[in-house]
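Structure, as structure tokens:
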Amino acid sequence: RRIVPLLLERVHQVLCNTTISDIESIDSSDGESYVLLRETNESGSNIRRYDSVVLASPPSATLRLLKEPTSLQRSIFGCFQHTTTCVVLH
């Protein structure tokens with residue numbers, strides 16, 4: 001409950017109703033690091049550059065979005081196991 005307000009204090013932009021189809025992490029030769037996201041929404045598709053990104057998605061979905069995941073990323077996002085839960089709303 002407390003992490004969302006803390007995160008929102010530091011986040012400059014929140015993307016809602018946006019499909020992310022590709023994530024690429026870039027380490028340039030001059031030592032600069034950034035992230036490229038391919039975003040699709042009702043306005044169309046484009047690629048945007050960010051300094052950092054927080055994804056609110058299951059680890060397996062995050063791993064599939066990474067264009068070229070590193071061995072560390074595969075290890076971190078690949079170690080989670082899924083469980084199926086049946087929920088009845090009434």
Among all residues two or more places apart in sequence or in another chain, which pass the side-chain contact (heavy atoms from CB on, under 4.5 Å) test with S75?
none
In short, P69 meets L63 closest at the heavy-atom pair CB-CD1, 3.9 Å
Could you tell me whether the side chain of E39 reaches within less than 4.5 Å of the side chain of T19, counting heavy atoms only?
no
Listed partners of R38 passing salt bridge (Lys or Arg N to Asp or Glu O under 4.0 Å), at least two apart
none
Suppose we screen for salt bridge (Lys or Arg N to Asp or Glu O under 4.0 Å). Which residues come up paired with E32, at least two apart in sequence or across chains?
R49
Could you tell me which residues satisfy side-chain hydrogen bond (donor to acceptor under 3.5 Å, both in side chains) with N46, sequence neighbours excluded, listed by chain and number?
none
Given a cutoff of under 4.5 Å between side-chain heavy atoms of I, L, V, M, F, W and Y, with clusters grown through shared members, what are the other residues clustered with L89?
V87
Hey, could you give me the CD1/OH distance between I26 and Y34, rounded to the nearest 0.5 Å?
5.0 Å
According to the salt bridge (Lys or Arg N to Asp or Glu O under 4.0 Å) rule, which pairs have a member within residues 15-25, sequence neighbours left out?
E24-K67
Using side-chain hydrogen bond (donor to acceptor under 3.5 Å, both in side chains) as the criterion, list what pairs up with S33, not counting sequence neighbours.
D27
Please identify each residue that fulfils side-chain contact (heavy atoms from CB on, under 4.5 Å) with V53, with sequence neighbours left out.
V35, L37, Y50, L55
Could you pull out all residues at least two apart from S60 that satisfy side-chain hydrogen bond (donor to acceptor under 3.5 Å, both in side chains)?
H82
Who pairs with S25 by side-chain contact (heavy atoms from CB on, under 4.5 Å), at least two apart in sequence or on another chain?
none
Which distance, rounded to the nearest 0.5 Å, do you find between the CD1 of I23 and the CG of L66?
5.0 Å
Sequence neighbours excluded, which residues qualify as side-chain contact (heavy atoms from CB on, under 4.5 Å) partners of F80?
P59
Sequence neighbours excluded, the answer for side-chain hydrogen bond (donor to acceptor under 3.5 Å, both in side chains) partners of S21 is none
Are F77 and L65 linked, directly or through other ILVMFWY residues, by side chains that come within less than 4.5 angstrom of each other?
yes
